[in-house]
Amino acid sequence: LRNTGGALQLQSDASQVILRSNNTTALTLDTSQNAIFAGTIKSAMTGNAKLIADGSTHANVEIDRGNTSSHNNLLFRTAGTAKWRIWQNGADNILAVRNEAASTNVLTFTDSNSAFAGRISAAATGTAPSSAKLHVGAINNTSSSAIAQFGGFIRAVSYLILHDGAGSANTVQMRNT
């Protein structure tokens, strides 16, 4: 340890610096000034705690799991209780947003798909019917059994095809000519 000009310095001129506690390495500072912590990094700050990645070009926060049998998690807690999570649970091609209180993935992304666990609303107003899964604009009929409600018009470039679940036998096609 060295004290020069009021600053306390821990210095190693040619190798890494290792801080140990209870005969175990707690922190290693390598010769490139990278810090490797052996355990949890925690802020016990009163008020607004921050984790800041401030780069002159790019800034990254990386979460690296050991294998696909493990999880990557970014947890959001309130008073110590997990409320929300952004995570990878298993496969590399799946990322989910999870409501921890409801134990439900509310949004899941894969290589080629996105899945919502409930309704999708875009500027919906009024009380939504329980059967509707997609709302765009105002709710037209709260007792409707429609899966989707649109409070405006739908514009299609070429085709608009409507059919029932039985297939193409009961189909309405509209073509822009």
Side-chain angles (χ1 to χ4, degrees), residues 1-126 128 132-138 148 150-152 155 157:
L1 293 175
R2 181 170 51 181
N3 186 341
T4 58
L8 181 63
Q9 296 181 10
L10 176 61
Q11 181 173 333
S12 175
D13 291 332
S15 64
Q16 62 189 6
V17 174
I18 299 173
L19 297 177
R20 297 174 62 86
S21 173
N22 196 23
N23 207 26
T24 303
T25 298
L27 170 63
T28 302
L29 301 173
D30 69 16
T31 57
S32 298
Q33 291 74 49
N34 295 313
I36 302 166
F37 293 86
T40 301
I41 302 170
K42 182 177 180 180
S43 171
M45 180 179 168
T46 302
N48 296 327
K50 297 177 184 178
L51 172 63
I52 300 172
D54 185 5
S56 61
T57 55
H58 302 289
N60 301 300
V61 175
E62 297 182 16
I63 302 173
D64 185 9
R65 62 186 175 167
N67 54 59
T68 56
S69 297
S70 301
H71 299 170
N72 280 351
N73 294 289
L74 180 57
L75 291 168
F76 298 87
R77 297 179 181 269
T78 301
T81 302
K83 299 296 184 176
W84 290 90
R85 172 194 319 213
I86 299 173
W87 70 322
Q88 276 188 294
N89 177 16
D92 287 333
N93 66 333
I94 299 172
L95 180 67
V97 176
R98 182 174 180 83
N99 178 337
E100 289 296 326
S103 298
T104 303
N105 287 347
V106 296
L107 175 59
T108 303
F109 300 99
T110 66
D111 289 343
S112 57
N113 293 301
S114 298
F116 295 85
R119 293 187 181 101
I120 301 170
S121 296
T125 58
K133 300 296 181 192
L134 174 64
H135 306 145
V136 178
F150 300 89
R155 179 175 289 158
V157 175

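The basis for the numbers below is simple: all heavy atoms, side chains too, and nothing from hydrogens, waters or symmetry mates.
Between the CZ atom in Arg20 and the OG1 atom in Thr25 there is a gap of 4.0 Å [rounded to 0.5 Å]. In this structure, Thr110 OG1 and Asp92 CG are separated by 13.0 Å, a value rounded to the nearest 0.5 Å. Within the model, atoms CG of Leu74 and CD1 of Ile86 stand 5.0 Å from one another, a figure rounded to the nearest 0.5 Å. Put simply, CG on Asp30 and CD1 on Ile18 are 10.5 Å apart, with the number rounded to the nearest 0.5 Å. The structure places CG of Asn93 at 4.0 Å from CG of Asp111, a figure rounded to the nearest 0.5 Å.
Contact between Ile63 and Asn72 at its shortest, heavy atoms only, is O-ND2, 3.6 Å. Here the shortest heavy-atom pairing between Ile41 and Phe37 reads CD1-CD1, 3.3 Å. The nearest pair of heavy atoms linking Ala59 to Asp54 is CB-N, 4.4 Å. Of all heavy-atom pairs between Thr108 and Ala96, the closest is OG1-CB, 4.0 Å. Residue Thr31 comes nearest to Gln16 through the heavy atom pair CG2-N, 3.9 Å, listed as atom of the first residue, atom of the second, then distance. Closest approach of Leu75 to Arg77, counting heavy atoms only: CD1-NH2, 3.5 Å.
A 4.5 Å side-chain heavy-atom check between Ile94 and Asn89 finds every atom pair outside the cut-off. Looking at Asn99 and Trp84, their side chains come closer than 4.5 Å, going by heavy atoms from C-beta outward.
Arg65 places no side-chain N or O within 3.5 Å of a backbone atom of Asn73 that could act as its donor or acceptor partner. A donor-acceptor contact shorter than 3.5 Å is absent between the side chain of Asn22 and the backbone of Thr24. In this structure, the side chain of Asn60 does not engage the main chain of Glu62 through any donor-acceptor pair within 3.5 Å.
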- prompt: What's the verdict on side chain to side chain contact (heavy atoms under 4.5 Å, CB included) for Ser70 and Gln88, showing C-alpha distance, side-chain angles and the deciding distance?
  reply: CA-CA 8 Å; Ser70 301; Gln88 276 188 294; over 6 Å; no
